[in-house]
Undergrad: 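Quick one: the structure is below, and I'll ask about it shortly.
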Amino acid sequence: MAAELHNVVGGARIAGRRTFEKIDPVDGSLVAHVHEAGPDVVDAAVAAARAAVEGPWGRASVAERTALLRRIADRIEERFEDFVAAEVRDTGKPEHLARDLDVARAATNFRSFADTIAAAGLDSFLTDLPHGRKALNYAVPKPLGVVAVIVPWNLPLLLLTWKVAPALACGNAVVVKPSEETPSTASLLAEVIAEAGAPSGVYNVVHGFGPDSAGEYLTTHRGIDGVTFTGESRTGSAIMRAVAPSVRPVSFELGGKNAALVFADCDLDQTLDGLARSVFLNTGQVCLCTERVYVERSVFAAVANGLAERAKALRLGRPGDPGTTTGPLISQRHRKKVQSYLDLAVAEGATVLTGGAVPELGPELAGGSWIEPTVWTGLDNSARVVREEVFGPVAALIPFDTEDEAVRLANDTDYGLAAAVWTTDLERGHRVAQQMRVGMAWVNTWYLRDLRSPFGGAGLSGIGREGGLHSMHFYTQPTNVCVQL
Ligand code: NAD
C-alpha cells in the first residue's frame, strides 16, 4: 500500500496544499502520496526552526549537541532496515548498495561531525602592539541560525545527513527540502531525530518541487540565514539569484563531468574494476561518477574492450535480488534526458561499444526507468555528450599520447568536481592529480572518502567546501573579540 508522507514542522505532521505521487522507478508502481508544502507550511517550518534556535537548543553546550548526534547515529543503526527499505523504494537502487553506502554513511556522518565539533578549537591571536602592549583576539563560533538544506535524489539520505549533521553539530536548526523523487528517508529521519531527543523545531521537512513550490518558497524566505544545496549547477544559479536580495551565504555542491586518466603503466585489472565502478555505480547517478575516460593510446583498445565487457556483465534487476548490480534511473523524466544523450552521441559520431538503448527486462519491469550501461568511443572534447553532464551509466573513451595532453583534455571542462588518475608511477600520480582543476582528485581509487577532508567543486561544480572543519566554517559565523591587554 502507498504511504502518505507529511511535512514535519516543529515535530508535527502537517498536510500540504495538495499531494503528489512518488513513483517507484523499478516498475512504475506508486510508492507514496506526498504532501506538497505551500508558502504557509514553509513559513511555519522557518518559524519553528527560528524558535528552536532562540530556545534552549540555541544555548546547548557542545557536549549536549555531540551527545544528540551520537544518539541519532545509534538510532539510525537501530532502524537500519527501515532506512534501507525507504531508500530502495524511492530510488530502486540495489539493496546492498543502500546498506553499504547510503545508510551506513548516514550514521557515520553524524558520528564524524560529533567528533569534529568535539575536537574543534578557537581561532585566537596574541597581537603585538606598540610600547610592549598586546591584544588578545579570539573568534567565538556561533550558529548561522536557520539553515535551508536542499538536496537531490541520487544519494538522498547520505547527502541529507552530510549537511544536517554538521548543521546541528554547530547548533543550527534546519528546514530540509528533499527531492520530490526521494521524500521517504527525510521523513524517516524526522522520526529518528525526534526519538533521539532533539527539541522540536530543530529538524523540519518541507516536501515539494523547486520553482513555484517548496524549494523556491524556502530559498526566497527572508527568515533563513543560509542555504546549503546539492544538485544541478543550473539550480544552483537559480538559488543564488533567490538569496541575492537578502545576501545569505550559500554552500553549493553541484554537477560534474568527471575525467579518469588511464596511463599505459596502470595495473590493468585493478584499473578496469575501479573504472567500471566509477562509471556505473548507482547507475552512473553519483555526482563523482566518471563520464570522460582519457586513455594512453597504447592501451586504448584493451581499456575500451575491458570496460565494455564489465558493462555487459552488470545485472539489471530488482533491488532485492542477490545478483542485481544495477538499478534503474530515478524516473521516466530522467531516462528521457539520458536517452536524448544516447541518441545525440550517435548523431555526433560515436561508436557504441555496448549499450545505447532501453533494455528488455520483461513485463514486470516494463514500467520502470531502465537504461543500458553504455560505452562510447570515436568522440572528442568538442562533442556535447563529452561536455555536458549526462548523469547516467555512460562513458566516452578518448585516446591521448602524452601526459600534458591528458591533463589538458581532462581540464578542458566548465565543471571541476572530481578526477581519477590510474597509474603505477606514483610520482606521475601525484603530479597529475595536483594539476587537476577539481575539488577531489583520486589516484588508483575513486570515491574513497575521509570525511574530515574538503569536499566540493571548482567552476560550475560548486562554491565552498564541506567536510570536517570546512563544514564547521560554513555552518557557523564567528564573532571576533579583541581585548587590549
Ligand atoms: P536538481 O538541481 O534538479 O534538484 C536538487 C534539489 O533542488 C531538489 O530538491 C529540487 O526539488 C530542488 N530545486 C530544484 N529547483 C529549485 C529551485 N529553483 N529553487 C529551490 N530548489 C530547487 O538536481 P537533481 O536532479 O535532484 O540531482 C542531480 C544533480 O545533482 C546532478 O547535477 C548531480 O551532479 C548533482 N549532485 C552533486 C553532488 C555534489 O556533491 N557535487 C552530489 C550529488 C548530486
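Basis for what follows: all heavy atoms, side chains included, without hydrogens, waters or symmetry-related copies. These figures come from a predicted structure and were not determined experimentally. In each ligand, atom 1 is the first atom listed, and ligand 1 is the first ligand listed.
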Undergrad: Report the residues that fulfil ring pair (Phe, Tyr, Trp, His ring centres under 6.0 Å) with Phe209, sequence neighbours left out, ordered by chain and then residue number.
TA: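 Ring pair (Phe, Tyr, Trp, His ring centres under 6.0 Å) list for Phe209, sorted by chain: Phe20.
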
Undergrad: Please collect all ring-ring contact (aromatic ring centres under 6.0 Å, His included) contacts where either partner lies in residues 167-192, sequence neighbours excluded, each pair once.
TA: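 Found none.
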
Undergrad: I need the single residue from Tyr341, Trp370, Trp153 that forms a ring-ring contact (aromatic ring centres under 6.0 Å, His included) with His334. Which is it?
TA: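 The single option meeting the ring-ring contact (aromatic ring centres under 6.0 Å, His included) with His334 is Trp153.
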
Undergrad: Considering only protein heavy atoms, which is closest to atom 23 (O) of ligand 1, and at what distance to one decimal place?
TA: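 Looking only at protein heavy atoms, the one closest to atom 23 (O) of ligand 1 is Glu232 N, 3.4 Å.
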
Undergrad: May I ask you to check whether Glu389 has an N/O atom sitting below 3.5 Å from an N/O atom of ligand 1?
TA: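 It does: an N or O of Glu389 is found under 3.5 Å from an N or O of ligand 1.
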
Undergrad: Cut-off 3.5 Å, side chains only: do Asp90 and Ser184 have a donor facing an acceptor?
TA: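 Short answer, yes.
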
Undergrad: Consider every N or O of Leu254 and every N or O of ligand 1, then say whether any pair is closer than 3.5 Å.
TA: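 So ligand 1 has an N or O lying under 3.5 Å from an N or O of Leu254.
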
Undergrad: So, for atom 41 (N) of ligand 1, does the protein have a heavy atom nearer than 4.0 Å?
TA: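 Yes; the ligand atom in question has protein heavy-atom contact below 4.0 Å.
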
Undergrad: Looking at atom 36 (N) of ligand 1, what's its closest protein heavy atom, distance included?
TA: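 That would be Cys287 CB, 3.5 Å.
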
Undergrad: Under 4.0 Å from any heavy atom of Lys177, which atoms of ligand 1 are there?
TA: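 Checking each atom against Lys177, I get 8 (C), 9 (O), 10 (C), 11 (O).
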
Undergrad: Assess whether a salt bridge exists between Glu216 and Lys177, defined as any Lys/Arg side-chain N lying under 4.0 Å from an Asp/Glu carboxylate O.
TA: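 Looking at Lys177 together with Glu216, the answer is no, because their closest N to O distance does not fall below 4.0 Å.
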
Undergrad: For the pair Arg248 (side chain) and Arg222 (backbone), establish whether a donor and an acceptor sit closer than 3.5 Å, ignoring hydrogens and angles.
TA: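 Yes; at least one donor-acceptor contact below 3.5 Å.
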
Undergrad: Establish, from distance only, whether the side-chain atoms of Ser251 and Tyr475 form a donor-acceptor pair under 3.5 Å.
TA: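 Checked: Ser251/Tyr475 side chains show no N/O donor-acceptor pair below 3.5 Å.
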
Undergrad: Could you walk me through whether Val42 and Leu218 pass the side-chain contact (heavy atoms from CB on, under 4.5 Å) test, one step at a time?
TA: CA-CA 6 Å; Val42 173; Leu218 183 58; 4.1 Å; yes

Undergrad: Tell me which protein heavy atom sits closest to atom 24 (P) of ligand 1, plus the residue, atom name and distance to 0.1 Å.
TA: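 For atom 24 (P) of ligand 1, the nearest protein heavy atom is Trp153 NE1, 3.3 Å.
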
Undergrad: Write out the residue and atom name of the closest protein heavy atom to atom 21 (N) of ligand 1, then the distance separating them to 0.1 Å.
TA: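 Looking at atom 21 (N) of ligand 1, the protein heavy atom closest to it is Gly215 CA, 3.6 Å.
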
Undergrad: Between Asn258, Ile330, Thr235, which one has a non-hydrogen atom sitting closest to atom 14 (C) of ligand 1?
TA: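 The residue whose heavy atom sits nearest atom 14 (C) of ligand 1 is Thr235.
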
Undergrad: Going by an N to O cut-off under 4.0 Å, is there a salt bridge joining Lys257 and Asp414?
TA: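 So Lys257 does not pair with Asp414 through a salt bridge.
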
Undergrad: How far does CZ of Arg13 sit from CD of Glu4, to the nearest 0.5 angstrom?
TA: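 Arg13 CZ to Glu4 CD: 7.0 Å, rounded to 0.5 Å.
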
Undergrad: Compute the minimum heavy-atom distance from Gly462 to ligand 1 and say whether it is under 4.0 Å.
TA: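 So Gly462 does not count as touching ligand 1.
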
Undergrad: Which atoms of ligand 1 sit under 4.0 Å from any heavy atom of Glu216?
TA: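 Near Glu216, the atoms of ligand 1 are 19 (N), 20 (C).
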
Undergrad: Do His207 and Ser187 meet the criterion of a side-chain donor-acceptor pair at a distance under 3.5 Å?
TA: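 Short answer, yes.
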
Undergrad: Which atoms of ligand 1 are found less than 4.0 Å from any heavy atom of Leu159?
TA: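 Those atoms are 42 (C), 43 (C).
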
Undergrad: Checking a contact table here: which protein heavy atom is nearest atom 12 (C) of ligand 1, and how many Å away?
TA: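 Heavy-atom neighbour on the protein nearest atom 12 (C) of ligand 1: Ile150 CG2, 3.7 Å.
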
Undergrad: Of the side chain and backbone of Glu253, name the one, both, or neither that has a heavy atom under 4.0 Å from an atom of ligand 1.
TA: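 Within the 4.0 Å criterion, Glu253 contacts ligand 1 through backbone and side-chain atoms alike.
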
Undergrad: Taking 4.0 angstrom as the limit and counting only heavy atoms of Phe455, give me the atoms of ligand 1 inside it, by number and element.
TA: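 Under 4.0 Å from Phe455, ligand 1 has these atoms: 40 (O).
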
Undergrad: Which protein heavy atom lies closest to atom 27 (O) of ligand 1, and at what distance to 0.1 Å?
TA: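 Closest protein heavy atom to atom 27 (O) of ligand 1: Pro152 CB, 3.2 Å.
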
Undergrad: Closer than 3.5 angstrom, by distance alone: can the side chain of Asn7 be matched with the main-chain N or O of Val41 as a donor-acceptor pair?
TA: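 Not confirmed, Asn7 side chain does not pair with Val41 backbone.
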
Undergrad: With atom 8 (C) of ligand 1 as the reference point, say which of Val151, Ile239, Thr230 has the nearest heavy atom.
TA: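 Looking at heavy atoms only, the winner is Val151.
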
Undergrad: Look at ligand 1 and say whether Pro178 reaches it with a heavy atom at a distance under 4.0 Å.
TA: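 Contact present.
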
Undergrad: Where is the nearest protein heavy atom to atom 22 (C) of ligand 1: which residue, which atom, and how far?
TA: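 For this ligand atom, the closest protein heavy atom is Gly210 CA, 3.4 Å.
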
Undergrad: Does one side chain, of Tyr294 or Asn381, offer a donor that lies under 3.5 Å from an acceptor on the other?
TA: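 There is such a pair (donor and acceptor under 3.5 Å, judged by atom type) between the side chains of Tyr294 and Asn381.
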
Undergrad: Using heavy atoms and a threshold below 4.0 Å, how should the contact between Phe209 and ligand 1 be classified: side chain, backbone, both, or neither?
TA: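 Phe209 to ligand 1: backbone contact only, side chain stays beyond 4.0 Å.
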
Undergrad: With a cutoff of 4.0 Å, is Phe229 in contact with ligand 1, counting heavy atoms of the residue only?
TA: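 Phe229: in contact with ligand 1 (<4.0 Å).
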
Undergrad: Keeping the roles fixed (side chain from Glu466, backbone from Gly456), state whether a donor-acceptor pair exists under 3.5 Å.
TA: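 Pair absent, no side-chain N/O of Glu466 close to backbone of Gly456.
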
Undergrad: Students should be able to answer this: which protein heavy-atom is nearest to atom 35 (C) of ligand 1, and at what distance?
TA: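 Looking at atom 35 (C) of ligand 1, the protein heavy atom closest to it is Gly231 O, 3.3 Å.
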
Undergrad: Is the contact between Glu180 and ligand 1 made by the side chain, the backbone, both, or neither, using heavy atoms and a 4.0 Å cut-off?
TA: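 The answer is the side chain of Glu180.
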
Undergrad: Compute the shortest N/O to N/O distance between Asn154 and ligand 1 and return yes if it is under 3.5 Å, no if not.
TA: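 N/O-N/O distance below 3.5 Å does not exist for this pair.
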
Undergrad: Is any NZ, NE, NH1 or NH2 atom of the basic residue among Glu87 and Lys93 found under 4.0 Å from an Asp or Glu carboxylate oxygen of the other?
TA: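 Result for this pair is yes, salt bridge flagged.
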
Undergrad: Short list, please: which atoms of ligand 1 are under 4.0 Å from a heavy atom of Leu417?
TA: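 Contacts of ligand 1 toward Leu417, numbered from 1: 41 (N).
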
